[in-house]
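I have placed the structure first, in the form of structure tokens, so that the comments after it can refer back to it.
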There are 2 protein chains.
Amino acid sequence: MKIVLDAMGGDHGPKVTVKGAVDAVNQYGVNLILTGDKKTLDSELKKFQYPKEKIEIVHTSEIVENEDKPVAAIRKKKDSSMVVALNIVKDGRADAIISAGNTGALLAGGLFVLGRIEGIDRPALAPVIPNYKGASVLIDGGANTDIKARNYIEFGIMGSIYAEMVLGIKTPRVCLVNIGIEEGKGNESTKEAYKICKKAPFNFQGNVEARDIPSGYTDVILCDGFTGNVILKLTEGVAMMIFKVLKEELTKNPLRKLGALLIKSGLMGFKKRFDYTEYGGAPFLGVQGALVKAHGSSDAKAIMNAIRQAKTLVENQVVKKIEEEIKNLGADIVE
Amino acid sequence: MKIVLDAMGGDHGPKVTVKGAVDAVNQYGVNLILTGDKKTLDSELKKFQYPKEKIEIVHTSEIVENEDKPVAAIRKKKDSSMVVALNIVKDGRADAIISAGNTGALLAGGLFVLGRIEGIDRPALAPVIPNYKGASVLIDGGANTDIKARNYIEFGIMGSIYAEMVLGIKTPRVCLVNIGIEEGKGNESTKEAYKICKKAPFNFQGNVEARDIPSGYTDVILCDGFTGNVILKLTEGVAMMIFKVLKEELTKNPLRKLGALLIKSGLMGFKKRFDYTEYGGAPFLGVQGALVKAHGSSDAKAIMNAIRQAKTLVENQVVKKIEEEIKNLGADIVE
């Protein structure tokens with residue numbers, strides 16, 4: 001197996017991508033290709049010990065910046081670390097790609113360079129988010145803001161396959177995010193979605209209210225990309241705010257500081273459960289290839305975990321499984 | 001000033017509504033009318049000390065249940081504690097109404113019994129949610145799932161007036177919930193809303209991503225009712241889940257228990273900042289009267305705070321201010 005990493009992507013660039021790559025090689029024994037400026041990558045790689053034959057560099061002269069317009073960037077920056085990495089997968093020289101770069105450009109690249117799986121109308125982002133019991137797959141995490149009812153079926157199928165692969169859940173529960181649990185609740189889009197999902201070939205369990213998402217009520221959180229983006233970012237925002245307030249309260253006076261010291265291991269375990277870097281990135285499911293979008297602010301650990309995640313996608317043949325499931329889908333459901 | 005309370009509404013009924021009413025009378029000196037079963041209310045009232053002339057009971061024989069269809073309940077249950085309370089406001093015998101009962105029915109009652117303010121197409125729920133700096137007003141909190149761009153203008157106007165009244169913020173910042181901060185981001189609805197909001201007579205500050213809502217980036221969180229419902233319930237759900245995990249971690253062994261004891265006051269202060277009962281209920285803005293929806297699971301403190309909130313709405317003439325602002329709105333903006 002070979003995985004290609006856009007080593008120039010992300011807010012911290014090669015400083016963290018290279019360390020993440022080396023750690024992944026040492027920990028998981030994967031073979032990597034790094035795309036990016038050869039001189040920069042060589043000088044970063046020199047800092048570490050690892051089996052040299054496991055990391056190859058493909059030099060590129062351009063970078064897709066966060067400010068770049070997605071589609072234009074993919075079309076014009078042919079020698080960027082991102083576009084070259086996508087082409088390496090397209091040409092079969094690697095099995096998976098990871099990038100922490102411009103999200104819009106990466107998704108556009110996934111669609112234009114790799115292409116859709118036949119039968120998939122809307123590929124979707126599927127981040128894993130922590131909950132009380134463990135974690136759930138959120139789909140769509142932000143790729144498609146305005147969708148048709150049939151897209152929910154695709155999302156449900158892809159989300160179920162992924163939840164089974166990465167979370168190890170047999171016949172995962174799939175619930176539609178809605179403003180009430182009864183059928184008939186919601187906006188036009190979710191009302192339609194509910195009707196069509198009842199006939200879908202996944203374990204549809206009706207609606208879930210946002211309040212019950214963090215408790216782990218559903219394994220697959222089904223929604224359009226606008227709602228998914230709100231869920232993903234709000235969960236992160238509320239958790240960050242609570243940690244901040246907690247830290248302030250616990251350092252207000254010497255007595256509390258002592259108390260905080262005694263519960264330190266508890267607080268660490270607590271924080272770890274909500275640490276996005278543990279979960280790697282979000283796969284872009286529905287394209288012809290294993291594509292993982294790592295968080296823009298990824299540190300080396302997040303990059304390493306995203307590489308592990310890409311490895312899992314390839315080993316479990318997620319792309320092939322999606323292809324098969326979609327092929328088996330009766331036309332009566334989606335029309 | 002006189003405020004009417006639907007004393008049969010809410011998950012806990014008269015047991016908490018009556019105590020909340022008595023506490024509000026003793027604390028704020030308000031005059032109350034309680035609608036509900038006279039015998040039940042009398043026997044609850046007997047348990048407390050309060051100036052008898054300040055609480056009047058209007059006997060009703062029916063109850064709107066949570067399972068009732070909203071519109072049908074309002075039409076058919078003419079002698080329910082909710083409908084009678086609404087009519088008391090409509091007839092001018094009270095200045096404000098509070099209910100913790102069936103949300104859909106209460107909103108339908110607001111529309112049909114009290115009626116809309118002229119110029120307001122869609123009255124909206126405006127709950128206050130805690131953030132790092134204090135609190136923000138969320139509008140629409142769940143009354144309208146599918147809306148037109150012009151409705152965002154109404155929400156922004158009403159939310160600004162309310163934020164100024166209840167949070168005491170001069171020219172509050174109003175931001176549109178979206179999936180990116182730049183203009184042009186979003187779904188069809190938010191893209192349209194952005195354009196129209198730029199011309200609106202409130203302090204529009206562009207988009208806010210869900211991640212920045214908990215930090216207090218905006219005073220008024222502007223969105224459709226579907227998104228608002230997700231934000232409201234997810235914020236609550238994430239906070240509840242985190243408190244639960246924290247509690248587990250802090251009671252795992254004797255050392256941690258000791259530590260937890262030392263930081264107890266800190267934890268209490270921490271928890272209080274996220275306590276919805278502190279904020280009362282959500283006003284339904286845009287109808288002809290001060291209407292406060294209290295949380296279904298309200299305890300006596302939440303009811304008391306909802307009464308205080310209704311008093312604030314009346315004292316600050318929020319209904320009249322909305323009427324005036326809407327009247328001044330240029331036709332060029334809303335068409």
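The basis for the numbers below is simple: all heavy atoms, side chains too, and nothing from hydrogens, waters or symmetry mates. Just so we're on the same page: letters track the sequence lines, and every chain starts at 1.
- In this structure, A143(B) and L107(B) approach most closely via the heavy-atom pair CB-CD1, 3.7 Å.
- At least one donor-acceptor pair closer than 3.5 Å links the side chain of K77(A) to the backbone N or O of I63(A).
- For the pair D11(A) and N66(A), the minimum side-chain heavy-atom distance is below 4.5 Å.
- Here the OG1-CZ distance, from T103(A) to F284(A), works out to 10.5 Å after rounding to the nearest 0.5 Å.
- When all heavy atoms are compared, the tightest approach of A306(B) to V292(B) is CB-CG1, 4.1 Å.
- Atoms CD1 and CZ, from I74(B) and F112(B) in turn, are 8.5 Å apart once rounded to the nearest 0.5 Å.
- Rounding to the nearest 0.5 Å places CG of D121(A) at 12.5 Å from CD1 of I153(A).
- When N229(B), I231(B), L255(B) are compared by the number of non-hydrogen pairs under 4.5 Å with chain A, N229(B) comes out ahead.
- Residues L106(A) and M82(A) have side chains in contact (heavy-atom distance under 4.5 Å, counting atoms from C-beta outward).
- Within residues 122-140 of chain B, the residues that have a heavy atom under 4.5 Å from a heavy atom of chain A are P130(B), N131(B), Y132(B), listed by number.
- Heavy atoms only, all atoms of each residue included: S99(B) and G101(B) are closest at OG-N, 3.0 Å.
- The backbone N or O of D146(B) sits nowhere less than 3.5 Å from a side-chain atom of D224(B) that would complete a donor-acceptor pair.
- The shortest heavy-atom contact between E192(A) and A149(A) is CB-CB, 3.9 Å.
- For the options G142(B), S265(B), S189(B), heavy-atom pairs under 4.5 Å to chain A are most numerous at S265(B).
- When all heavy atoms of E154(A) and I120(A) are compared, the closest pair comes out as OE1-CG2, 3.8 Å.
- Rounding to the nearest 0.5 angstrom, the gap separating the CG atom in L258(B) from the CG atom in N253(B) is 10.0 Å.
- Both the backbone and the side chain of T235(A) come within contact range of chain B, judged by heavy atoms closer than 4.5 Å.
- Formation of a donor-acceptor pair under 3.5 Å by the D68(A) side chain with backbone atoms of N102(A) is not found in this model.
- Looking at L232(A), there are no atoms closer than 4.5 Å to chain B (heavy atoms on both sides), in backbone or side chain.
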Test ring pair (Phe, Tyr, Trp, His ring centres under 6.0 Å) applied to Y194(A) and Y152(A), step by step: CA-CA 9 Å; Y194(A) 193 105; Y152(A) 285 100; over 10 Å; no

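- Within residues 212-223 of chain B, the residues having any heavy atom closer than 4.5 Å to a heavy atom of chain A are I213(B), P214(B), listed by residue number.
- Scanning residues 241-250 of chain B against chain A with a 4.5 Å non-hydrogen threshold yields M241(B), I242(B), K244(B), V245(B), L246(B), E248(B), E249(B), L250(B), sorted by number.
- Residue E188(A) touches chain B through both its backbone and its side chain, counting heavy-atom pairs closer than 4.5 Å.
- Heavy-atom proximity under 4.5 angstrom to chain A picks out V177(B), N178(B), I179(B), G186(B) from residues 174-186 of chain B.
- Residue T190(A) touches chain B through its side chain alone, counting heavy-atom pairs closer than 4.5 Å.
- Closest of all the heavy-atom pairs between P70(A) and A105(A) is CB-N, 3.5 Å.
- Ranked by heavy-atom pairs shorter than 4.5 Å toward chain A, the options M240(B), K252(B), E209(B), R256(B) are led by R256(B).
- To the nearest 0.5 Å, atom OG1 of residue T227(B) and atom CG of residue L234(B) are 12.0 Å apart.
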